[in-house]
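Here's the structure we're looking at; comments come further down.
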Amino acid sequence: MRRVLRPTWRHGTGGGLLQAFAAMPRLLRRPRLGALYLSTVALMSAFVALYTAVAIAGPPNIAGHSSAILALRASALPALIAVPLLAPVLQRLLAPLRAVLAFALAALAALAVAAGAFLGGHTVPLAIALLLFVAAVAAAAPAIVGTVNANAPHARGAAVALYGCSMLIGASLGPQLTGALTGVGFSGILLAVAGVLALGLLLALLSLRHQRTTPQPEPTTSGTAARR
């Protein structure tokens, strides 16, 4: 990381780590940033909940079979590779707009998986829907980071740290959501996942208001936000 990451340009005296922590309460009081963090919680909880549902309540030929689950997860890897490669194309859209569109695609993919479960839960359509779902999540994450950066230009480190915290909270809530809904079956869980994503979409819509007319530079993946 020391070899790859660009040096940080300091403005003024700065306060280091303590200043970053001191800025967090102020950032959390901003409605737009709060909505973005809550949308991140929704995104990651839906992502983990869906894959947890596939593993424990999915189609009979997949649920409980570790090799089938692993193959299904591996089938979504092309989406994780394609989204960063398509970053120059995706960045032609404003980051908040990309986040909203990605939430919409993820919700539709979750509904497609639910519909497939009603129709018999065939593996190939499920794999295609999950591929689209993972692509949407992979596109939404850097878009949210870019929007967070644009809304906190003087405290980007603290703002992105709160984004990372939101991701971990969402990932922790995902299995709890699936566990609480196992009684309603695979399709019921997926409908709940789609509802969570719809809520995330509404929260992301708040960040579309009063945005700058030029796209903000941003990392192609959420992990490289440390370059800021």
Side-chain angles (χ1 to χ4, degrees), residues 1 4-49 80 83-84 87 90-91 93-103 106-107 136-177 193 196-212 215-228:
M1 290 179 65
V4 174
L5 296 182
R6 298 173 182 173
T8 299
W9 296 100
R10 296 186 178 275
H11 299 280
T13 57
L17 187 61
L18 292 178
Q19 186 183 48
F21 278 108
M24 289 181 180
R26 174 171 50 84
L27 294 174
L28 289 173
R29 288 194 295 268
R30 296 185 183 179
R32 190 170 298 155
L33 283 174
L36 287 170
Y37 295 140
L38 289 176
S39 71
T40 303
V41 172
L43 180 71
M44 292 308 300
S45 62
F47 177 74
V48 178
L80 296 177
V83 169
L90 296 174
Q91 286 181 355
L93 298 174
L94 288 172
L97 178 59
R98 288 203 313 279
V100 169
L101 294 176
F103 268 104
V137 173
I144 294 174
V145 172
T147 309
V148 167
N149 278 335
N151 282 276
H154 302 297
R156 286 178 172 174
V160 175
L162 289 171
Y163 163 80
C165 181
S166 302
M167 288 185 65
L168 294 175
I169 292 173
S172 301
L173 291 176
Q176 313 306 319
L177 175 63
V193 167
V196 170
L197 289 168
L199 176 60
L201 188 153
L202 292 175
L203 291 167
L205 278 173
L206 297 178
S207 64
L208 271 174
R209 299 177 58 188
H210 309 300
Q211 288 294 313
R212 297 177 181 177
Q216 296 294 318
E218 63 193 66
T220 55
T221 61
S222 59
T224 55
R227 294 191 181 192
R228 300 301 177 189

Minimum heavy-atom distance [X]-[Y], with the two atoms named:
| X | Y | answer |
| --- | --- | --- |
| Arg30 | Ala152 | NH1-CA, 3.9 Å |
| Leu27 | Ala159 | CD1-N, 3.5 Å |
| Val48 | Pro175 | CG1-CD, 3.5 Å |
| Ala171 | Met44 | N-CB, 3.8 Å |
| Ala143 | Ala99 | CB-N, 3.7 Å |

Rounded distance (nearest 0.5 Å) linking atom [atom1] of [X] with atom [atom2] of [Y]:
| X | Y | atom1 | atom2 | value |
| --- | --- | --- | --- | --- |
| Leu38 | Leu202 | CG | CG | 12.0 Å |
| Arg156 | Tyr163 | CZ | OH | 15.5 Å |
| Leu203 | Ile144 | CG | CD1 | 10.0 Å |
| Thr147 | Leu206 | OG1 | CG | 12.0 Å |

Go through the structure and list residues passing side chain to side chain contact (heavy atoms under 4.5 Å, CB included) with Ala198, not counting sequence neighbours. none

Mind checking side chain to side chain contact (heavy atoms under 4.5 Å, CB included) for Leu201 and listing every partner two or more places apart, or none if nothing turns up? Val100, Phe103, Ala104, Leu205

Let's go through Leu33 and Val148 carefully: what are the C-alpha distance in whole Å and the side-chain angles of both, what is the deciding distance for side chain to side chain contact (heavy atoms under 4.5 Å, CB included) to 0.1 Å, and is it a yes or a no? CA-CA 7 Å; Leu33 283 174; Val148 167; 4.2 Å; yes

Just by modelled atom types, is the Leu90 backbone N or O under 3.5 Å from a matching donor or acceptor in the Arg98 side chain?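 Looks like yes, one N/O pair under 3.5 Å.
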
Using side chain to side chain contact (heavy atoms under 4.5 Å, CB included), reason through Leu43 and Ser39 one step at a time and then give a plain yes or no. CA-CA 6 Å; Leu43 180 71; Ser39 71; over 6 Å; no

